[in-house]
Amino acid sequence: MERPTRPRAVIATGTGRYADPWHPYPTTSARIAEVLRADGWDAIVDDDVDHALAHLDGADLLVVNAGDPWRNDGAPRADPAAEAGLTSAIARGIGLIGVHAALSSLRDHPAWRAAIGGEWVPGTSWHPPIDEARVRVVDANHTITDGMPHLDVFDERYSDLVVDADARVLAVHDVDGAEHPAVWVREQPTRAVVSSLGHDERAYDSPALAALLQRAARWAARL
């Protein structure tokens with residue numbers, strides 16, 4: 001009996017203008033691919049973000065693991081093929097996952113920000129020093145977080161992110177007595193999951209984070 005085709009994920013990885021000095025995107029993208037492949041995905045790592053966005057035909061999931069393209073020159077520079085590819089993929093219902101610095105990425109593409117429901121805002125958002133952290137599940141009535149009380153990770157905790165009111169927050173972290181959204185989902189215009197976790201490879205040593213990503217991928221892609 002012929003095996004069914006595996007679902008396909010494209011991991012857009014920060015290099016070039018999507019790179020920065022703080023995040024080892026190729027290394028963490030390789031870890032994300034391992035996590036997804038262990039759950040039955042055909043996971044492709046593309047180290048050219050614009051190329052990845054322009055070649056999403058047939059993909060069930062887009063994972064963005066990349067940085068702020070405006071960090072160096074501050075100038076919008078949308079690639080027409082990338083813009084068309086992302087817009088078309090969202091319109092047909094591709095699943096989206098934004099990982100960590102993806103909250104400040106794809107700034108040339110307003111459709112990305114609209115779909116994921118939040119962002120890192122320079123001058124407002126910040127993070128404490130990277131350290132051991134507990135991320136608390138606050139909504140266990142969702143497929144992604146069902147039966148998952150918390151995640152223990154070594155990570156950089158993004159704080160004071162701007163999160164849209166219609167986003168459904170699944171998990172939070174605490175800094176100095178204040179609660180900050182760490183994981184959330186949206187269902188319009190397509191299914192999207194944001195995990196602010198995943199600064200470097202040490203975060204992906206957490207079995208709970210791997211499980212979260214696997215569940216997030218399946219939910220986003222409606223599998």
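Rounding to the nearest 0.5 angstrom, the gap separating the OG atom in S195 from the CG atom in N65 is 10.5 Å. Rounding to the nearest 0.5 angstrom, the gap separating the OG1 atom in T145 from the CG atom in L170 is 4.5 Å.
Heavy atoms only, all atoms of each residue included: R31 and E201 are closest at NH1-O, 3.4 Å. The two atoms that bring Y25 and A101 nearest to each other are OH-CB, 3.3 Å, heavy atoms only. When all heavy atoms are compared, the tightest approach of A81 to D79 is N-OD1, 3.0 Å. When every heavy atom of V49 is checked against every heavy atom of A66, the shortest pair comes out as CG2-CB, 4.0 Å. Residues A43 and R37 come closest through the heavy atom pair O-NH2, 2.7 Å. The two residues A192 and W219 make their nearest non-hydrogen contact at O-CZ3, 3.8 Å.
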Trace of the salt bridge (charged side-chain N to carboxylate O under 4.0 Å, His left out) decision for R71 with D20
CA-CA 8 Å; R71 186 182 66 83; D20 61 51; 5.4 Å; no
Check the pair D139 / R168 against salt bridge (charged side-chain N to carboxylate O under 4.0 Å, His left out), numbers first and verdict last.
CA-CA 9 Å; D139 184 349; R168 180 174 174 179; 2.7 Å; yes
Walk me through it: do S206 and D152 pass the test side chain to side chain contact (heavy atoms under 4.5 Å, CB included)?
CA-CA 7 Å; S206 167; D152 290 322; 5.6 Å; no
Trace of the salt bridge (charged side-chain N to carboxylate O under 4.0 Å, His left out) decision for D164 with R113
CA-CA 10 Å; D164 295 349; R113 167 62 180 83; 2.9 Å; yes
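No side-chain donor-acceptor contact under 3.5 Å links T13 to the backbone of S29.
Side-chain atoms of D160 and S125 form no donor-acceptor pair, as typed in the model, at a separation below 3.5 Å. Side chains of H173 and E179: no donor on one and acceptor on the other come within 3.5 Å. A donor atom on one side chain and an acceptor atom on the other are not found under 3.5 Å apart for D60 and W41.
With a 4.5 Å cut-off on side-chain heavy atoms, P122 and W120 count as touching. With contacts defined as side-chain heavy-atom distances shorter than 4.5 Å, the pair R77/D50 does not qualify.
Taking the six-membered ring where tryptophan is involved, the planes of W126 and H180 are perpendicular, since the angle between them exceeds 60° and thus also 30°.
Residues passing the side-chain contact (heavy atoms from CB on, under 4.5 Å) test with V63 are I11, I32, L36, L61, I97, V99, sequence neighbours excluded.
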